[in-house]
Amino acid sequence: MATDLSMYLRRLPKAELHLHLEGAISPETLVELSERRIARPGAAKLPVLTLDEARALYRYTDFSGFLLAFKAITEQLHSAEDYELASLRMLERLHAQGVVHAEVYVSVGVVYYWRRTSFEPLFAGMERARIAAEQQWGITCFWIFDAVRHFGPEEAARVFRKAAEMRHEFPSIIGIGIGGDERRTGAEPFRELYEEARAAGLRLTAHAGETVGPGGIWGAINIGAERIGHALTAIEDADLMAVLAERQIPLEICITSNVRTASCASLAEHPVRSYFDAGLMVTINSDDPALFGSDLEDEYRLAAQQFDFTREQLRELASNSLEASFLPPERKVAWLQALEQVV
Ligand code: HPA
Ligand code: ZN
């Protein structure tokens, strides 16, 4: 039975700002995709995946293993139909948690680098799902094209320029980002590409300070990132904390992700409470729910139960998520007013 807290969390209109489409796919859905593929005339005849085989893809023990698991899941996606079903399931689950708007990373960088295939046909499936979800459930969704930083700037350029080109036809492509392994590639090599993307009208995000120290976050800010994914190590640098507070740079905090990838040694050591108390612009997100076994509602519940966020503070987190979204101002105002009505 749903608890009072769960009901309250579900009622809060929220935005999910750090969620990877591929990391939202459950092993069960991967199996279903492989079965549907077999039944579809003309589709690639790949072997049907058993549930055990699918589940095996989700195992990892550290951050590098996590990145490999993420790649293995992405490699299971072959067609527009696969991307469509994955997107539809993701949006259905978000809607069930009271998420009214999502800004979703799609790893175009992985598709380009490992598959050497064009992205437009796959994107058509995502768009079909996005439109269907908005019609059925009222949830809105923007896409963020994510490059893999350790593949280098040339690969990232392909991803960002494709986003710039496609957004004319598909305004749902709102921005770009870099994920992957910061220990191998920092933010600086992407400076010019970020400038180019901004000039093309794209919004800028970056994973930063997840597996490296505060220098990684300074780097992301310095190349113009408007939102920081993770920002786990900002706590180590008082000057950075002051800048993040003063500029109210939104942080896409992903608590369970950080513990599960061993980026953070334990839940007790996670800085989310310190960030909030220091006046930083904290948002709560799930990152890769199928890989971490925790969805957005779980993350808010964790904030309440592990980090003592009161109901009013949970409302503030939801408010931050809407405020920090890339929605137009009038849509933000409408959702923020709806949020105020929740009791
Ligand atoms: N960090 C880095 N790379 C990723 C992530 C992440 O949170 N999720 C998927 N790829
Ligand atoms: Zn992420």
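Ligands are counted one by one from 1 in listed order, and the atoms in each one are counted from 1 as well.
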Mind checking whether His230 has an N or O less than 3.5 Å away from an N or O of ligand 1?
yes
Let me know which of Glu32, Glu84, Glu28 forms a salt bridge (Lys or Arg N to Asp or Glu O under 4.0 Å) with Arg89.
Glu32
Atom 1 (N) of ligand 1 [closest protein heavy-atom partner, distance rounded to 0.1 Å]:
Glu210 OE1, 2.8 Å
Ignoring hydrogens and geometry beyond distance, is a side-chain donor-acceptor pair present between Thr256 and Glu299 at under 3.5 Å?
yes
With heavy atoms of His207 as the reference, note each atom of ligand 1 found under 4.0 Å away.
1 (N), 2 (C), 5 (C), 6 (C), 7 (O)
Does Asp288 approach ligand 1 within less than 4.0 angstrom via side chain, backbone, both or neither, non-hydrogen atoms only?
side chain
Do side-chain atoms of Ser107 reach the backbone of Val110 as a donor and acceptor pair under 3.5 angstrom?
no
For Leu67, the ligand 1 atoms whose distance to one of its heavy atoms is below 4.0 Å
3 (N), 4 (C)
Applying ring-ring contact (aromatic ring centres under 6.0 Å, His included), can you list everything that pairs with Tyr194, at least two apart in sequence or on another chain?
Phe160
Does the cation-pi check pass for Arg158 over Tyr113, that is, NZ or CZ under 6.0 Å from the six-membered ring centre and within 45° of its axis?
no
Of all pairs that satisfy side chain to side chain donor-acceptor pair (under 3.5 Å), the ones with a partner from residues 270-280, not counting sequence neighbours:
Asn258-His270, Arg273-Asp277, Arg273-Gln313
May I ask whether Phe63 has any heavy atom positioned less than 4.0 angstrom from an atom of ligand 1?
yes
So which pairs with a foot in residues 315-328 pass side chain to side chain donor-acceptor pair (under 3.5 Å), sequence neighbours left out?
Glu312-Arg315
Atoms named by residue and atom, protein N, O or S, within reach of the Zn ion (ligand 2) (under 2.8 Å)
His18 NE2, His20 NE2, His207 NE2, Asp287 OD1
Criterion side-chain contact (heavy atoms from CB on, under 4.5 Å) on Thr117 and Tyr112, from CA distance to verdict
CA-CA 6 Å; Thr117 184; Tyr112 278 163; over 6 Å; no
Look at atom 9 (C) of ligand 1 and find which of Glu182, His20, Glu22 reaches it with the closest heavy atom.
His20
Test side-chain contact (heavy atoms from CB on, under 4.5 Å) on Arg130 and Ser172; report intermediate values, then the result.
CA-CA 9 Å; Arg130 182 188 68 75; Ser172 60; 3.4 Å; yes
Any heavy atom of Phe66 under 4.0 Å from ligand 1? The part involved is side chain
For ligand 1, find out whether one of its N or O atoms is nearer than 3.5 Å to an N or O atom of Gly180.
yes
Can a salt bridge be assigned to the pair Arg37 and Glu81 using a cut-off of 4.0 Å between side-chain N and carboxylate O?
no
